[in-house]
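Heavy-atom basis, side chains included; hydrogens, waters and symmetry copies ignored.
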Amino acid sequence: MIFNIVSGKGGTGKTLLCTVLAEMLGNSGSKVVVIDMDFAVRGLTALLYYYMGETYNIVPDEKICTYDYFESDSISDTESKSRQKHKSILYKKKVSDDYFESDNIDDTESKSNQRRKSILYKSKFSNKLRNAMLNLGIAKYRSFDVVPAVSRINKIIRLNPELNESEYFDKVKCLISFLTEELEYSHIIFDCRAGYDLLNATLHEESDITICVQEEDEISNITTSNLIRQFENDSNKPIYNLINKARFSDESYDPNKFFLRKDITYLGSIPFDLDVMKNFGKSYFWNKVVYTLYYQSVANIWNNLAARLNLNERIDNQRISPFGYDKFESRLGMFSSKDRLLLAFSFIISILGLTIGFLGTEGLRTIILKNYEQVFSFLIGISGIILSIYTILKAKNRM
């Protein structure tokens, strides 16, 4: 399956979602690759950077990364500029000739011309593309592979303004074909940059499904609505959507307020978890995340999607909430582990304060003196509750 993960605005958690889903599928036995398509922000590449011990070179410089493949020439800068100038002159001449030789250029003729250019492009550059793909910089990350955006984490990029739809189309199609047919990946996940552009539109067209990730705020709602409508206008490929960093349950969403309606394209929500967000990229992240409601929610979303697409692959993630109630745990996700422990202490102190308020110090002293064994047992029970809560919250930190 080819997945295109997009969002209307940045910061919705696409990269985190891509990596957690890839880890799940990789652990279930599938061969998975995640491709960083955000050349400038390169969050997925940064994750790989920390995983490899903060070395500047993610892959050797001679390897081809996604920026090199889609936006940069593989030849020297001097030759590249000369060739770009030559291409620009030829392009202007061709446009001029087409304009004066044609009486009427309609949409049908334009599409036909695009297809003809695509065929010419394939015949001229297929060997170059194949050589680039054979030298693709694929790095191992836990149970799945990653194609970074750049070979060096601090590389300055220069986008190519001359690529057109047919060139992007050919490059995306050749890359997918190479990864699925020759390298035999079961799942390819494109971690796209936010918003809409020609490359994202091409990836949507060539992927099996596009998943749009949004948050609960109004800005994200509007940008998601615009992005999905744009994709729907471009192609009839299926688009699914979900809410990430959710602070409320699915039942609490007003379908008249949120663009993401509970229909066949809505996959569900992933609750906000402050610890998951803070620890993403740290060495102990994966030992913690598997115990979280976030991880379980991603598994549920995948199983929901697999059922709709009649996929046999399911993710088994049996988990018992330490609080016994998922909705209550999702509300606690806005607090860190330390804050949750402080909440428990605050609750106990409140109970003791109310007890003294109702009984008074003399009444409390009388109870303690007359029933010291029960009071002692009560204190032991309170200590056990505190220790249990602390153990549950800190168990995820084990290496």
Side-chain angles (χ1 to χ4, degrees), residues 1-26 30-52 58-59 64-71 136-151 153 155 157 168 171-172 175-176 179-180 185-215 223-224 227 231 239-242 244-245 267 270 276-277 280-281 285-286 289 294 298 301-302 305:
M1 290 288 293
I2 316 299
F3 300 95
N4 186 38
I5 311 298
V6 300
S7 67
K9 60 181 280 291
T12 60
K14 295 188 304 297
T15 299
L16 175 59
L17 174 65
C18 288
T19 53
V20 170
L21 178 59
E23 176 76 356
M24 288 180 175
L25 295 173
S30 296
K31 188 177 180 181
V32 185
V33 60
V34 185
I35 304 176
D36 192 350
M37 299 301 297
D38 195 339
F39 310 139
V41 177
R42 63 190 75 151
L44 181 63
T45 304
L47 180 66
L48 196 60
Y49 161 74
Y50 283 109
Y51 180 74
M52 300 181 67
I58 309 300
V59 294
I64 300 296
C65 297
T66 53
Y67 163 70
D68 306 311
Y69 181 76
F70 285 102
E71 300 288 350
L136 198 62
I138 301 177
K140 186 70 177 177
Y141 182 87
R142 292 181 62 84
S143 66
F144 59 94
D145 293 336
V146 173
V147 180
V150 290
S151 59
I153 189 62
K155 182 175 182 177
I157 65 172
Y168 272 138
K171 286 189 173 185
V172 170
L175 178 62
I176 291 175
L179 292 174
T180 55
Y185 282 103
S186 305
H187 300 293
I188 300 174
I189 302 175
F190 288 105
D191 182 15
C192 294
R193 53 196 176 207
Y196 178 85
D197 56 28
L198 191 56
L199 182 54
N200 280 0
T202 306
L203 290 169
H204 168 63
E205 175 66 28
E206 292 304 308
S207 298
D208 293 318
I209 63 170
T210 291
I211 299 177
C212 191
V213 183
Q214 85 155 93
E215 296 177 80
T223 56
T224 299
L227 180 62
F231 280 148
I239 306 174
Y240 293 86
N241 39 46
L242 59 87
N244 196 20
K245 305 180 185 179
L267 297 175
I270 303 173
V276 171
M277 303 301 167
F280 185 46
F285 170 77
W286 292 104
V289 73
Y294 181 97
V298 175
I301 282 178
W302 167 260
L305 178 64

Measuring only between side-chain heavy atoms, which start at C-beta, is Leu227 closer than 4.5 Å to Cys212? yes

Beyond-backbone contact of Leu203 with Val172, side-chain heavy atoms, under 4.5 angstrom: yes

Quick one: CD1 on Ile270 to CD1 on Ile301, what's the gap to the nearest 0.5 Å? 4.0 Å

Is it the case that the side chain of Lys155 and the backbone of Ala149 share a donor-acceptor pair, with hydrogens and angles ignored and the cut-off at 3.5 Å? no

Strictly distance-based, threshold 3.5 Å: is any side-chain N or O of Asn244 a donor or acceptor partner for the main-chain N or O of Thr12? yes

Would a distance-only check, ignoring hydrogens and angles, find a side-chain to backbone donor-acceptor pair under 3.5 Å from Asp208 to Ile2? yes

In terms of side-chain heavy atoms, does Ser7 have a donor or acceptor partner in Lys14 at a distance below 3.5 Å? yes

Could you give the distance from CG (Leu199) to CE (Met37), rounded to the nearest 0.5 Å? 4.0 Å

If you define the side chain from C-beta out and look only at heavy atoms, does anything of Ile239 sit under 4.5 Å from His204? yes

Leu25 side, atom CG; Phe3 side, atom CZ - distance, nearest 0.5 Å: 7.0 Å

Sub-4.5 Å side-chain heavy-atom contact between Leu47 and Val146: no

Between CZ on residue Phe190 and OG1 on residue Thr210, distance to nearest 0.5 Å: 10.5 Å

Contact summary for Gly10 and Ala194, nearest pair of heavy atoms: N-CB, 3.5 Å

Ignoring hydrogens and geometry, is there a side-chain-to-backbone donor-acceptor pair from Asn200 to Asp197 under 3.5 Å? no

Euclidean distance, Ile58 CD1 relative to Leu48 CG, rounded to 0.5 Å: 5.0 Å

For Cys18 and Ile5, the nearest pair of non-hydrogen atoms, with its separation, is SG-CG1, 3.5 Å

I'd like to check Lys140 versus Asp145 (side-chain heavy atoms, cut-off strictly below 4.5 Å). Are they in contact? yes

Can a donor-acceptor pair be found, under 3.5 Å and without considering hydrogens, that links the side chain of Tyr69 to the backbone of Leu136? no

Distance-only, no hydrogens or angles: does the Arg42 side chain make a donor-acceptor pair with backbone N or O of Ile153 under 3.5 Å? yes

Grab the two heavy atoms, one from Gly26 and one from Val32, that are nearest each other, plus how far apart they are. N-CG2, 4.0 Å

Please answer whether the main-chain N or O of Glu23 pairs with a side-chain N or O of Ser143 as donor and acceptor at a distance below 3.5 Å. yes

Go through the steps to decide whether Asp38 and Thr15 satisfy the test side chain to side chain contact (heavy atoms under 4.5 Å, CB included), and finish with yes or no. CA-CA 10 Å; Asp38 195 339; Thr15 299; over 6 Å; no

Roughly how far, to the nearest 0.5 Å, is CD1 of Ile211 from CG of Asn4? 9.0 Å

Side chain to side chain contact (heavy atoms under 4.5 Å, CB included) evaluation trace for Thr202 with Phe70: CA-CA 12 Å; Thr202 306; Phe70 285 102; over 6 Å; no

Check: Phe39 and Val150 side chains under 4.5 Å, non-hydrogen atoms: no

More than 12 heavy atoms of other residues, nucleotides or ligands under 6.0 Å from CZ of Phe280: yes or no? yes

Could you tell me whether the side chain of Val33 reaches within less than 4.5 Å of the side chain of Tyr141, counting heavy atoms only? no

4.5 Å side-chain heavy-atom contact, Ile176 and Glu206: yes

Could you go through Val20 and Val276, starting from their C-alpha distance and side-chain angles, then the distance that decides it, and tell me whether this counts as side chain to side chain contact (heavy atoms under 4.5 Å, CB included)? CA-CA 11 Å; Val20 170; Val276 171; over 6 Å; no

Using only atom types and a distance under 3.5 Å, with no angle test, would you say the side chain of Asp36 pairs donor to acceptor with the backbone of Thr45? yes

For Trp302 and His187, take the angle between the two ring planes, folded into 0 to 90°, and tell me which bin it lands in: parallel under 30, tilted 30 to 60, perpendicular over 60. perpendicular

